[in-house]
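One-based numbering along the sequence shown.
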Amino acid sequence: METRVERYSKKRTNRTVLILVVVVLVLAASAFFAYARLDVFKSPKMIYLESEYKTLKNTSDLVSDTYGEYFAGLIRPYTEESVHSTMEVSASAELEGLMPQEQQILNLLKEGKLVIESQADQANKKQYAKTTLLLQEEPLIDLEFAVDQDKMYVGAPMIYPKYALFDLTQSQKLEEKGITGLPTRYVTYQDWVDAIKVSDEEWKPILNDYAKWYKDQLKDSQFTMNKESSVEIDGQTYEARNITLTFTEEEWKQFLTSFTETWTSDERLLSLLYSRYENVHKLLEDSGVEGLTKMTEAEWKENIATLRSDTIAEIEGIELADDVKIVMYIDGSDRILSRQFFATIPDNQKGEQAIELRIDTVEKGKDEVDLWLSLSTKGAEDAFTILYDEHLAPVETGKKGTFNLELKDQTRTYLKSDGDILLEDETGKLESTFNLEFFDEFQGNGTLSGDISIIPNQADNTRESQVHLVMASNDLPGQIELDLKQKDTFDKPVELPEFTADNTVDIAALTPEESMMFQQEITQAAFIFYQQNMGKLLPLFQ
């Protein structure tokens, strides 16, 4: 019995010890991660890199969530559905002290309106547009344009009853008749999107390589940290860790040189960029753009190599009056509240020139962000400052934002702008107002203000847009106003005019004699139209 008790006691003791060991290990691990979370075991470099990653990811997610879906919804219907649009453009001006000829133009401007009716079905390669100039609400002249697959039609029915037909498959015959600059095929919006689109499979490996390059370039000795620090942003103080990344002149040159050498020698990146260049160049050719010259891939890389050598030569010539400093203020959630860049460049003629860049970002809640950006150079004759701040915050079902922009130097302001924007999640409604002031000692000061609205209506599958602009300047005796109204109706089939042999003229098939006769008919029709409609214009010139 005693032996059995002794054995039982040892087993129990071993089990207890084992449990205690596990508990200690768990507690130790928990403590380690808790301390790690409190940055006890993290170097300033590691804190900075992790914060960069988190801040960039949060910013990317916010932009994607806030604007990405909205603008994708704004563009997608025009690429995937047939669209009917009606646009009205009108202008007016209240000006004094005009010459008689100027007043006549102003009268015509007041009485006139441009109406553009368009239909487009990108998927089926059909398009139709009719532009009409109205005078006192009555049509004065119109122009029609239509595309059906590889055939293009142009006409002005109020002048001449027939449409000119351009068969895009007969480009050589058209060029022989002196007609150039026509597209060789119907180029859709989606073609442009596909031409420049880069998939994650192509882009992410490249980004990962440059993230690793950046990490390897930075040395622990370049970082210093003050855990008990704070930063003031827009009058409010935030507690934050101050991490400073310092580059000596030699380190800064080496950093810039390494980056230049890396990306200009990156075959994967260069091939990706060249392939997109090829795609865009081909679409421009197909669209009928003339005078294009295309670089071969060898020429492309040769230009990149020249850029590399020129850039490195400029880097080698850099002189700094002090170290380059990048200062980050990082909060307890590893978000970068403020990043600041400081560099001072000596100049024998102008003295030292200090460059300061500061970007402050405060996330106050979900989808609520304040952003400030300032860039300034000080101490030089061409010193300037750019100030920009934007505030995005939820308002009811949408997001309300304000923005301010200012450009100035040491003695005067060049430009000031402010405005607001409202973006509703549920409806997709967008409203914005802005005021812009510009200052020029030679051309005079002026203002440009206006408002923009985009209002979708899911019930009838439409979208209405309005733009109102007002322009004035101190050398303009009054102001000019411009109004644009547009209504789009989606998922409505394109209705082309009926094109037949009787109302079309196939330009590529015309003989020289028929071409001459066609031109004479148009000239005569235009003269008759002028005689018949001149009476409508005369009152405006009296």
Run the numbers on Trp192 and Leu283 for side chain to side chain contact (heavy atoms under 4.5 Å, CB included), then give the verdict.
CA-CA 7 Å; Trp192 291 103; Leu283 289 181; 3.6 Å; yes
Please determine, by modelled atom types, if Glu117 and Tyr128 share a side-chain donor-acceptor pair under 3.5 angstrom.
no
Between atom NZ of Lys125 and atom CG of Asp150, what is the distance when rounded to the nearest 0.5 Å?
6.5 Å
Within this structure, what is the CD-OG1 distance for the pair Glu464 and Thr86, rounded to the nearest 0.5 Å?
10.5 Å
For Thr462, is there any backbone N or O sitting under 3.5 Å from a side-chain donor or acceptor partner on Asn457?
no
List for me each residue that meets side chain to side chain donor-acceptor pair (under 3.5 Å) alongside His281, sequence neighbours excluded, and say none if there are none.
none
Any chance NZ of Lys485 has more than 12 other-residue heavy atoms, nucleotides or ligands included, within less than 6.0 Å?
no
Between atom OG of Ser287 and atom NZ of Lys282, what is the distance when rounded to the nearest 0.5 Å?
9.5 Å
Describe, in one word, how the ring planes of Tyr163 and Phe499 are oriented to each other, choosing from parallel (under 30°), tilted (30 to 60°) and perpendicular (over 60°).
perpendicular
How many angstroms lie between atom CD of Glu144 and atom OG1 of Thr131, to the nearest 0.5 angstrom?
9.5 Å
Within this structure, what is the CG-CG distance for the pair Leu357 and Leu373, rounded to the nearest 0.5 Å?
6.0 Å
Closer than 3.5 angstrom, by distance alone: can the side chain of Gln122 be matched with the main-chain N or O of Tyr189 as a donor-acceptor pair?
yes
Compare every heavy atom of Leu407 with every heavy atom of Thr413, then report the nearest pair and how far apart it is.
CG2-O, 3.5 Å
If we ignore angles and hydrogens, is there a donor and acceptor under 3.5 Å between the side chains of Thr402 and Asp420?
no
If you count heavy atoms of other groups shown closer than 6.0 angstrom to CD of Gln149, is the number above 12?
yes
Any side-chain donor-acceptor pair under 3.5 Å between Glu406 and Asn404?
no
Check whether the side chains of Thr500 and Asp502 place a donor and an acceptor atom closer than 3.5 Å, and report yes or no.
no
So, taking the atom named CD1 in Ile480 and the one named CE in Met471, what distance separates them when rounded to the nearest 0.5 Å?
4.0 Å
Could you check whether any side-chain N or O of Asn279 sits under 3.5 Å from a backbone N or O of Ala195, counting only pairs where one atom can act as donor and the other as acceptor?
yes
Whether Lys177 side chain and Ser515 backbone form a donor-acceptor pair below 3.5 Å
no
Determine the minimum heavy-atom distance between Asp121 and Tyr186, stating which atoms define it.
O-OH, 4.3 Å
Which residues pass the side chain to side chain donor-acceptor pair (under 3.5 Å) test with Thr184, sequence neighbours left out?
Asp286
Side chains of Ser90 and Glu88: donor-acceptor distance under 3.5 Å anywhere?
no
Partners of Lys130 by side chain to side chain donor-acceptor pair (under 3.5 Å), sequence neighbours excluded?
none
Give a yes or no on this: more than 12 heavy atoms of other residues, nucleotides or ligands lie within 6.0 Å of atom CD of Gln531.
yes
Using salt bridge (Lys or Arg N to Asp or Glu O under 4.0 Å), reason through Glu431 and Lys429 one step at a time and then give a plain yes or no.
CA-CA 7 Å; Glu431 291 184 341; Lys429 178 180 178 181; 3.1 Å; yes
With no hydrogens and no angle check, is any side-chain donor or acceptor of Gln119 less than 3.5 Å from a backbone partner on Glu495?
yes
So does Met295 have more than 12 non-hydrogen atoms from other groups sitting under 6.0 Å from CE?
yes
